[in-house]
There are 2 protein chains.
Amino acid sequence: MTAPAAGRPEGYDPYAFEPFAVTVDLAVFTVRDERLHVLLVERGQEPFRGAWALPGGFVLPQESAEQAARRELAEETGLLPRTVAGLHLEQLRTYSDPDRDPRMRVVSVAYTALVPDLPEPRGGGDAARARWTPYGTDGPLAFDHERILADAHERIGAKLEYTCLATAFCPPEFTLGELRQVYETVWGVALDRPNFRRKVLTTPGFVEAVEGPPRRTGGRGKPAALYRAGAASALHPPLLRPEGRSS
Amino acid sequence: MTAPAAGRPEGYDPYAFEPFAVTVDLAVFTVRDERLHVLLVERGQEPFRGAWALPGGFVLPQESAEQAARRELAEETGLLPRTVAGLHLEQLRTYSDPDRDPRMRVVSVAYTALVPDLPEPRGGGDAARARWTPYGTDGPLAFDHERILADAHERIGAKLEYTCLATAFCPPEFTLGELRQVYETVWGVALDRPNFRRKVLTTPGFVEAVEGPPRRTGGRGKPAALYRAGAASALHPPLLRPEGRSS
DNA sequence: GCAAAAGTGTTCGGTATACACCCATGC
DNA sequence: GCATGGGTGTATACCGAACACTTTTGC
């Protein structure tokens, strides 16, 4: 039920309670140099001044949490708004521990974004600095952001199993080797190349071949065919992790 | 990032912005008479006076959203607090559309609860009335609760595939027929009994046999052995829906 | 006996897995 | 040539779907 709950006085005074602030936090992942990276910003103010944290900020009075997340993402990364509008953004969960911010009551809606390898983020914006950090090498983060980041990592690992989400890590046109890299990097396991190829190509709507000059290379070796993300969003049947632990 | 965002003034005034209210909404499901039921309450105040809605209410200044959800659930159903403390409660997602409540800015954290068949809820508590309603026969609900309910149904359907969640719908001791009923009711499909039995029994930690007098019956037919929920929380491999659509 | 639900067994086909092998490129 | 990665083929094992059959109860 939305405010006011049945049984509460009719003319509920919005200022009667200690106010809640509502923020968004973003766990933005990318794959770089065969490693999973996270976008972090350095805090310019107390508390946690100088500490690294997830990008994010206040939800403004006239925007939804998702709109706030896209706005903050654009501000922090320097991406064009129309690029951000097309990114895969997923609500992770909401963190509402009463003591998670030392100053006041802050409820934060966390989002996860998966992006292809992007240019280095501008140091400007809302944060003192911003950078891509290899996942696992991030020191202690501000607030409860360590926990949010861990939850986000677990979520995307599970989502790769039964959705087409992996293509969100890739540029518009990609090789099957690059797509396999995504799975291997996020899961931290090696996959059998021939079987991975068959699995992806036989799943309707996962990827579609690009007609043009069907070649390109990441380094040496045989040039690979190019593919685009397909129309499907779910994988049936799922692509399970070898020693699958999920959700 | 939590408030205030880096770059905002140091001494952020909690009252500077139009305040947000934070509520919880609960989609409580049970299986009754081989049908999926939802717990609804009748609103006693405007707006939507007389309309049915999901139970829920305000998050208090010193409690987390989950604590608020358990408190509201106990109030609405009349369950003992220690019973509610053991129930499976899962955060669904947060709804933050600026116009979702006509009076003020309300951000609501939705939870899903799966409960065994419970006694009729007391009409008292915060709501004018409360009742179990067969899923799908609920008229238009207040606010955006129709959408929340649909999201919740989709979520639990998907969760049954790869978690042991179905046991949460069952009493402490149950037959495999009752467990199968849960799947058939939530998914709306018929499952092959022998195959379902094998699948459940060969999944380590899903259920464990009860030693005692291994019989009991729901009506006529051969008495069935009793089982308890096991220690596992995830299913490997998953138990996929016949014409599986997921997530 | 008959209906209904539990429980066991067996067949069949698809899919995943683990390989072996060839192809095309850079050096 | 050789290393590297792309792409194809194939044999085996496993798992799920389908279904026949027996058992135990209520009526």
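Reckoned from all heavy atoms, side chains included, excluding hydrogens, waters and symmetry mates. Labels below follow one simple rule: chain letters A, B, ... track the order of the sequence lines, proteins then strands, and each chain is numbered from 1.
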Distance check needed: [N] [atom2] versus [X] [atom1], whole Å only.
X: A/L226; N: D/dG6; atom1: CG; atom2: P; value: 12 Å
X: A/R180; N: D/dG7; atom1: CZ; atom2: C1'; value: 12 Å
X: B/K222; N: D/dT25; atom1: NZ; atom2: C1'; value: 9 Å
X: B/L240; N: C/dG14; atom1: CG; atom2: C1'; value: 14 Å
X: A/L191; N: C/dA16; atom1: CG; atom2: P; value: 13 Å
X: B/R241; N: D/dG16; atom1: CZ; atom2: P; value: 17 Å
X: A/L239; N: C/dT17; atom1: CG; atom2: C1'; value: 13 Å

Note to self: So that I know where these two stand, are A/H37 and A/Y135 an aromatic pair - ring centroids less than 6.0 Å apart?
What the structure shows: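 Ring centroids of A/H37 and A/Y135 are no less than 6.0 Å from each other.
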Note to self: Can you pull out the residues from residues 193-201 of chain B that lie within a 4.0 Å heavy-atom distance of DNA chain C?
What the structure shows: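 Going residue by residue through residues 193-201 of chain B, the ones with a heavy atom under 4.0 Å of DNA chain C turn out to be B/R193, B/P194, B/R197, B/R198.
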Next item on the list: Kindly confirm or rule out a cation-pi arrangement of A/R93 over A/Y95, judged by NZ or CZ under 6.0 Å from the six-membered ring centre and within 45° of its axis?
Entry: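 Ring-cation test returns yes.
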Notebook entry, point to check: B/P237 or B/D192: which one's nearest nucleotide on DNA chain D is closer to the 5' end?
Noted result: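 The 5'-side residue here is B/P237.
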Next item on the list: Could you pull out all residues at least two apart from B/R197 that satisfy side-chain contact (heavy atoms from CB on, under 4.5 Å)?
Entry: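 Once residues adjacent in sequence are excluded, the partners of B/R197 under the side-chain contact (heavy atoms from CB on, under 4.5 Å) criterion are B/L176, B/L201, B/Y227.
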Notebook entry, point to check: What's the shortest heavy-atom distance between B/L36 and B/H153, and which atoms?
Noted result: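 Looks like CD2-CD2, 3.4 Å.
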Item checked: Contacts of type ring-ring contact (aromatic ring centres under 6.0 Å, His included), residue A/W52, not counting sequence neighbours ->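 Per chain and number, A/W52 pairs via ring-ring contact (aromatic ring centres under 6.0 Å, His included) with no residue.
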Margin query: Which label fits A/Y183 and A/F206: parallel for a plane angle under 30°, tilted from 30 to 60°, or perpendicular past 60°?
Written below: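 Aromatic pair A/Y183/A/F206 classed perpendicular.
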